[in-house]
Amino acid sequence: MLQLLDSQRIVITGIGLTAPNGNNLTEYRKALLNRQSGIESYNIRHFGETLAGVCHFDALKYQNRKDIRRGTRAGSIAVYCAHEALADAKIDIQTVDKSQVGVFLGITEHGNVETENEIYQISQFNYDCKYWSHHHNPRTVANNPAGEITLNLSITGPHYTIGAACAAGNAGLIQGVQMLRLGECDLALAGGVSESIHTFGIFAAFAAETALAAHDDPTKASRPFDKNRNGIVVSEGGAVYTLERLSDAKQRGAKIYGEIIGYAMNSDASDFILPNAERQTECMTKALTKSGITPNDVDIVSTHATATVQGDIQEIKALKNVFRDCKTTYVNNTKSYIGHAMGAAGVLELAGNLPSFDDNICHPTINVDDLDPECEIDNLVVNAPKKIDRAEIILNNSFGMIGINSVVVVGKYIQ
Amino acid sequence: MTNEEIRQAVIDILSDISPDEDLSNLDDAAPFRDQLQLDSMDVMDIILELRKRYRVNIPEDDYGKLDTMAHTVEYLKPHLS
């Protein structure tokens, strides 16, 4: 690993999350080890019956009803996750310099939900724009979810979202690392959120691409690597991490989940939708190089695979390019439980794996009844948790449309 | 609509846009803003809801006339009779 000063080493000290199968890390990890899916039947205006990952957190825990009405679902998810992360990190926000707190959230998209709602509203009035709400602007500005955190917690440091398709969760973490290293903030609330299940457009678009999952049993609908996979289950969710410099975390005696030892992002520059295994390979390789480690050092690869035919095959190709001779690198997938949480996917999937640093268990990819031969790879953990000898490095993949790839590498913190 | 019905219509709107407020002891003679946590966005919500629910179009110059419940009922009466 690279030798850095403690002031340049960035550690994860708190995690707040809501996923379709858990509203905190303990619940979520338990669900993953118990192979408990969070996918359910779902009905949305215009599109009708489908499947989705729906979060069931208590939005009123940190917001009043007026805040919820005025803001967005993504904002509520973000506020919930931020509070939970701070509580988990044992940080009292009232005691820190709020001008030195930064909020950086990845989003796949934002504003579709609110725009669809407004169009539906004015459709009831013969599309007369006099009935368009003044709330549309603050709800749809791209920084909305991160900004709602700052409004709720009176944080006055920088805030913004990072639009990075489904690579966005990792991108939020990367931004947090960079801002801490630059000294632009002393505490980063970083991660990703998604409210996408509330826009019918995303279901209709995936259906138009023949990439929307369908199954009689919702819990079996998300099935990456299975021969009978038939597409994506769209989910909402969020995860926010508290990131701090190691020097600061040590000083306050913080619990440390892990250290972000490296990362990389790149672009396919090849297709609007189809992934590119060569560029994914380059992204993982670059992240390993930046981390100062070799592929053999990686114990768990958290895959991005979304259960589309091409996407899964291309990622496995890339993994074989990078980890071909690695005998103790295990591979899993979390979307098989929670569906595709879009901007939150990367951070939720990484969060689900972080407890392996303590319990040495790699949670499995579920719903693999008939492994697609083109998705075969050594050490793919399927359908049952795997006790592994060493769990010290996790590599987390997140890829997105227009050809955007992100990889984050997290190491176990050993004093 | 009677004065009481107009008052109730305004209460219904207020309870939707400001759901955490207790409206049971609203003083009709006192300004809304002295009794409720309302900001300019809320005032625009009241205007929009009146337009949506009752097709009442209130010109911007008249927004200030909706400062109390009594004044609001008085203003709306010719539009809702």
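Both backbone and side-chain heavy atoms feed into the values below; hydrogens, waters and symmetry mates do not. Lettering of chains follows the sequences in order, A, B, ..., and the numbering in each one begins at 1.
- Ranking B/Lys52, B/Met44, B/Arg55 against chain A, the residue ahead of the rest is B/Lys52, based on heavy-atom pairs under 4.5 Å.
- When heavy atoms are compared at a cutoff of 4.5 Å, A/Tyr131 approaches chain B by way of both its backbone and its side chain.
- Formation of a donor-acceptor pair under 3.5 Å by the A/Gln175 side chain with backbone atoms of A/Leu105 is not found in this model.
- In this structure, chain A has a heavy atom under 4.5 Å from the side chain of B/Asn57, while its backbone stays farther away.
- Contact check for B/Ile46 versus B/Ile17: side-chain heavy atoms found under the 4.5 Å cut-off.
- If you check the side chains of A/His110 and A/Asn143, you find no donor sitting under 3.5 Å from an acceptor.
- Side-chain atoms of A/His83 and A/Gln63 include no donor-acceptor pair closer than 3.5 Å.
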